[in-house]
Each structure stands twice: as C-alpha cells, then as structure tokens.
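Keep in mind the model is a prediction, meaning the values are calculated, not measured. Values reported hereafter were calculated over all heavy atoms of this structure, with side chains retained and with hydrogens, waters and symmetry mates removed. The chains referred to below are lettered A, B, ... by the order of the sequence lines, with proteins before strands, and numbering in each begins at 1.
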There are 2 protein chains.
Amino acid sequence: MTPNEYNENLLRQHGLKSTRQRLAILDILDNKQAPLSTEDVYIELQKLDVAINLSTVYRTMDAMRDKGLIREAALAGDNRVLYEMARMEHRHYLVCIGCKKFIPLDGCPIKEYINGVASQTHYAIAGHRLDIYGYCPQCQAGGAGR
Amino acid sequence: MTPNEYNENLLRQHGLKSTRQRLAILDILDNKQAPLSTEDVYIELQKLDVAINLSTVYRTMDAMRDKGLIREAALAGDNRVLYEMARMEHRHYLVCIGCKKFIPLDGCPIKEYINGVASQTHYAIAGHRLDIYGYCPQCQAGGAGR
DNA sequence: TTGGATGCAAAAGTTTTGCACGGTT
DNA sequence: AACCGTGCAAAACTTTTGCATCCAA
C-alpha cells in the first residue's frame, strides 16, 4: 500500500472523503516532526504549490480533529493551537525558546502520577499536556539558530 | 500592610506604576484560583463596575507578563492564553472538560524528570507546562456543572 | 445522483496601534 | 515637570460563515 493509499484509507475510515486537499495536508503533517498551526500548514501548502483556500485548511483541521485523526499538541509562544498526527502513543516535546525547534521526548514521565490523581480525585482522566521549554546548546551560545 | 498596599509595592518593585486599573486587575488575579484570559479579566472588571478599556487590559497583561508579575498558565479548549499570578512555586491543574473547573495539584511531579532531560540534552531548561484533563465526578454523572 | 467538500467573499471576532489626554512619581 | 498609563477609535490580524459550485462515493 502506497503512503497515499494509506492516507486515503485513513480518511475514509474516519468518515471523511478523500480529497486532493486533505491528502496534501496529511502529507505535511506526516512529514513534519513538529506540531503545526493551521497557518503553518497553509504556508507549507503554498511552498509546495498546492492550490487551496485558507478557510478550507481551517475547516479541514477542525474536521480531522473532531474525527480524531489529528490532535491538539503543544502550543507555541503565541496563542495558536498546534496540531500533530494522532499516533498511538502521545508525545511530549522539548521546545527551544530561541529557535523554536521541537524535540520529541521518549515516553511519558507522568503515567503513574496520573493514575494516582485519578484514584484520589475520582476524575475520569481524558488526557494531559506536558511540554518543556528551554534553550538549546546553539541558542545558549548565542548561535546560528536564533 | 493592607492587601492594597502590598500590590502597590508589587507593581512598583517591578517597575510599573501603581494605578487604579492595575490594582483592580491584581485583585481579580489574586482572588480567582483559576488562570484567566485577558477577556475573562475584563469581564470580571465589568462585573465589579470597574471602568476600564479592553485595550488597557491587554496592555496591562502584556506589561505584567513581561515584568514577571504574572505568567502564562494552563490553557483552555479555545486558543486563548490564560494568566495567573507568578507565585514562588508554579502550579499544575486538573481541569474538568465539562464544567471548566480548575483544581490545583500539589507540587510538581516532574521535577526530577526535568533534571534528567537537562543533563541528557544540554538544554538550559527555562520552564514547563503540565495540565491534566478529565471529567469531575459531577460531570461524569451528567450532573449540574455541565 | 447525492451529500459532503471547496473556493470565494464577506462577516465576526480578537488583538494591536496611534494619538491626545490624564495621573503617578 | 516628565513620563508612563489610559481611553478611544481605527487598523490589523485571525477565524468563521453563507452560498454557489464541484467532486468523491
């Protein structure tokens, strides 16, 4: 199965029609390792000369989020929502404040902690968000990435 | 020292002039246990019949954030930034998805984990964000808070 | 064929800015 | 007195919506 066929199935399995625009958006989310805002996705599409309207990108991101294909991930310094593919295991990131680079962290350090919170509070835990911020070695050196 | 005098000093110590509007905003942030968006603060001010312009609230929140008096905290379902007082110890929250209630959690469960990340990655860690989402007992019961 | 998806343009909503005036230090 | 802070109105920017057309199933 080609990567394109895979994404076509992915869309249909989630009750969404497979279209040129949606496949292009999935390609971008697949290939970028960092969470992207709606505007980010639109800019990437333009770089690839994909003809698409910004409102379509907004609607597509909404639809994919509602269907569970993508999820809201970390968020940047500004107040935009960033999305990433909803892979099986969730991810946490180490974000460089200087150059905005995202490094995925291995595993989830608070799995057990959350179990404890659940049993103490009787909340039905649905998810969590954890990101760590700092300066990468290059940016600490006042380096290129900045 | 009255609470008001305390906040007056707090502002001056951070290089900000003490004004009626800023004291009112600090009062609200002091008294609410949950992080608030700029708009939230504005609405609270109106409830208290404090005459203030929305753009002043935006500018004040920006200034207080820049001076370290408040910090960006958890964020809600929409994509607004939420602020809270920058107390000595930072806080994490358990947020109910149904009724939007914020429960502060005791301590920070990832202190040690972050030290490990720092030494492995050579990043200069500046901060982190952790929130847990779920449904409180009432909302699980389909209850009032919803 | 049919209902969902898209493009376009306009509207709605949010945040920022310029400028004159007012208030704190 | 000097300068920061505020209100007001306009501008800029982001996101949503209505509607006609298009396209996947």
Side-chain angles (χ1 to χ4, degrees), chain A residues 4-28 35-46 48-70 72 75-83, chain B residues 4-28 35-46 48-70 72 75-83:
Chain A
N4 220 35
E5 287 171 340
Y6 180 83
N7 280 338
E8 288 176 15
N9 286 334
L10 199 63
L11 284 166
R12 293 200 196 96
Q13 283 162 16
H14 285 81
L16 296 172
K17 287 187 179 171
S18 166
T19 66
R20 173 179 66 77
Q21 292 89 335
R22 288 174 176 175
L23 291 172
I25 290 175
L26 283 180
D27 264 356
I28 286 168
L36 298 176
S37 70
T38 304
E39 184 84 27
D40 290 338
V41 171
Y42 181 63
I43 290 169
E44 293 301 318
L45 288 165
Q46 291 187 309
L48 298 173
D49 282 315
V50 174
I52 192 172
N53 191 279
L54 178 56
S55 68
T56 301
V57 184
Y58 272 105
R59 282 191 277 224
T60 300
M61 303 299 275
D62 283 355
M64 288 182 176
R65 182 195 358 80
D66 290 348
K67 301 292 186 179
L69 242 157
I70 63 178
E72 299 183 8
L75 12 80
D78 56 4
N79 44 359
R80 304 273 185 86
V81 181
L82 303 185
Y83 297 94
Chain B
N4 221 34
E5 287 171 339
Y6 180 83
N7 281 337
E8 289 176 13
N9 286 334
L10 199 62
L11 285 166
R12 293 200 196 98
Q13 282 161 16
H14 285 82
L16 295 172
K17 286 185 179 172
S18 165
T19 66
R20 173 179 67 76
Q21 291 89 335
R22 289 174 176 174
L23 291 172
I25 290 176
L26 283 180
D27 263 356
I28 287 168
L36 298 176
S37 72
T38 303
E39 185 83 27
D40 290 337
V41 170
Y42 181 65
I43 291 168
E44 291 301 318
L45 288 165
Q46 291 187 309
L48 298 172
D49 282 316
V50 174
I52 192 171
N53 190 278
L54 179 55
S55 68
T56 300
V57 184
Y58 272 105
R59 283 192 277 226
T60 299
M61 302 300 273
D62 283 355
M64 287 182 177
R65 179 188 9 73
D66 290 348
K67 301 292 186 180
L69 241 157
I70 63 179
E72 298 182 9
L75 14 83
D78 55 2
N79 45 1
R80 303 273 186 86
V81 182
L82 304 185
Y83 297 94

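- At a threshold of 4.0 angstrom between heavy atoms, the contacts of A:Ala51 are confined to the sugar-phosphate backbone, with no base atom among them.
- Here the nucleotide nearest the side chain of B:Arg22, chosen from D:dG5, C:dG7, D:dG7, is D:dG5.
- Heavy atoms only, all atoms of each residue included: B:Met61 and B:Ile70 are closest at O-CD1, 3.7 Å.
- Proximity note for B:Leu16 (side chain, C-beta onward) versus D:dG5, C:dT14, C:dG7: the nearest is D:dG5.
- Atom-to-atom, CG of B:Leu11 to P of C:dG23 comes out at 18 Å; the value is rounded to the nearest Å.
- Donor-acceptor pairing under 3.5 Å, judged by distance alone, is absent between the side chain of A:Lys17 and the base of D:dC23.
- To the nearest 0.5 angstrom, A:Leu48 atom CG is 12.0 Å from A:Ile43 atom CD1.
- Remark: side-chain polar atoms of B:Arg65 are not paired, donor with acceptor, to backbone N or O of B:Tyr83 under 3.5 angstrom.
- A 4.5 Å side-chain heavy-atom check between A:Leu16 and A:Lys67 finds at least one atom pair inside the cut-off.
- To the nearest angstrom, P of D:dA24 lies 16 Å from CG of A:Asn9.
- Applying the 3.5 Å distance criterion, the base of C:dG7 shares a donor-acceptor pair with the side chain of A:Arg59.
- Spacing between atom CD of B:Glu39 and atom C1' of C:dG13 amounts to 10 Å, rounded to whole angstrom units.
- The side chain of A:Gln21 places no N or O atom within less than 4.0 Å of a non-bridging phosphate oxygen (OP1 or OP2) of D:dC23.
- Looking at B:Asp62 and B:Arg59, no side-chain N of the basic residue comes within less than 4.0 Å of a carboxylate O on the acidic one, giving no salt bridge.
- The B:Tyr58 side chain lies nearest to C:dT14 when the options are C:dT14, C:dT6, D:dT14.
- With DNA chain C read from its 5' end, the first of the two nearest nucleotides for A:Gly15 and B:Arg12 is the one closest to A:Gly15.
- Between A:Met61 atom CE and D:dT16 atom P there is a gap of 12 Å when expressed in whole angstrom units.
- As rounded to whole Å, 15 Å separates atom C1' of D:dT6 from atom CG of B:Asp62.
- Here the CD1 atom belonging to B:Ile25 is positioned 11.5 Å from the CG atom belonging to B:Asn7, to the nearest 0.5 angstrom.
- At a cut-off of 3.5 Å, with distance as the only test, no side-chain donor of A:Asn53 or A:Thr56 sits close to an acceptor on the other residue.
- Between the A:Arg22 side chain and the A:Lys17 main chain, a donor and an acceptor come within less than 3.5 Å of each other.
- The overall bend of the helix from C:dT1-D:dA25 to C:dT25-D:dA1, read as the angle between its terminal helix axes built from five base pairs each, is 40° when rounded to 10 degrees.
- For a distance-only test at 3.5 Å, the side chain of B:Thr19 fails to qualify as a donor-acceptor partner of the base of D:dC4.
- Rounded to whole angstrom, the span from the CG atom of A:Leu23 across to the C1' atom of D:dA24 amounts to 12 Å.
- Residue contacts shown for A:Ser18 are limited to sugar-phosphate atoms, with no base heavy atom under 4.0 Å away.
- Between B:Thr38 and C:dT15 there is no side-chain N or O to OP1 or OP2 distance below 4.0 Å.
- With DNA chain C read from its 5' end, the first of the two nearest nucleotides for B:Arg20 and B:Leu54 is the one closest to B:Leu54.
- Rounded to whole angstrom, the span from the CG atom of A:Asp66 across to the C1' atom of C:dG4 amounts to 15 Å.
- In this structure, B:Ser55 does not reach the C:dT15 phosphate: none of its side-chain N or O atoms is under 4.0 Å from OP1 or OP2.
- To the nearest angstrom, C1' of D:dT6 lies 13 Å from OH of B:Tyr42.
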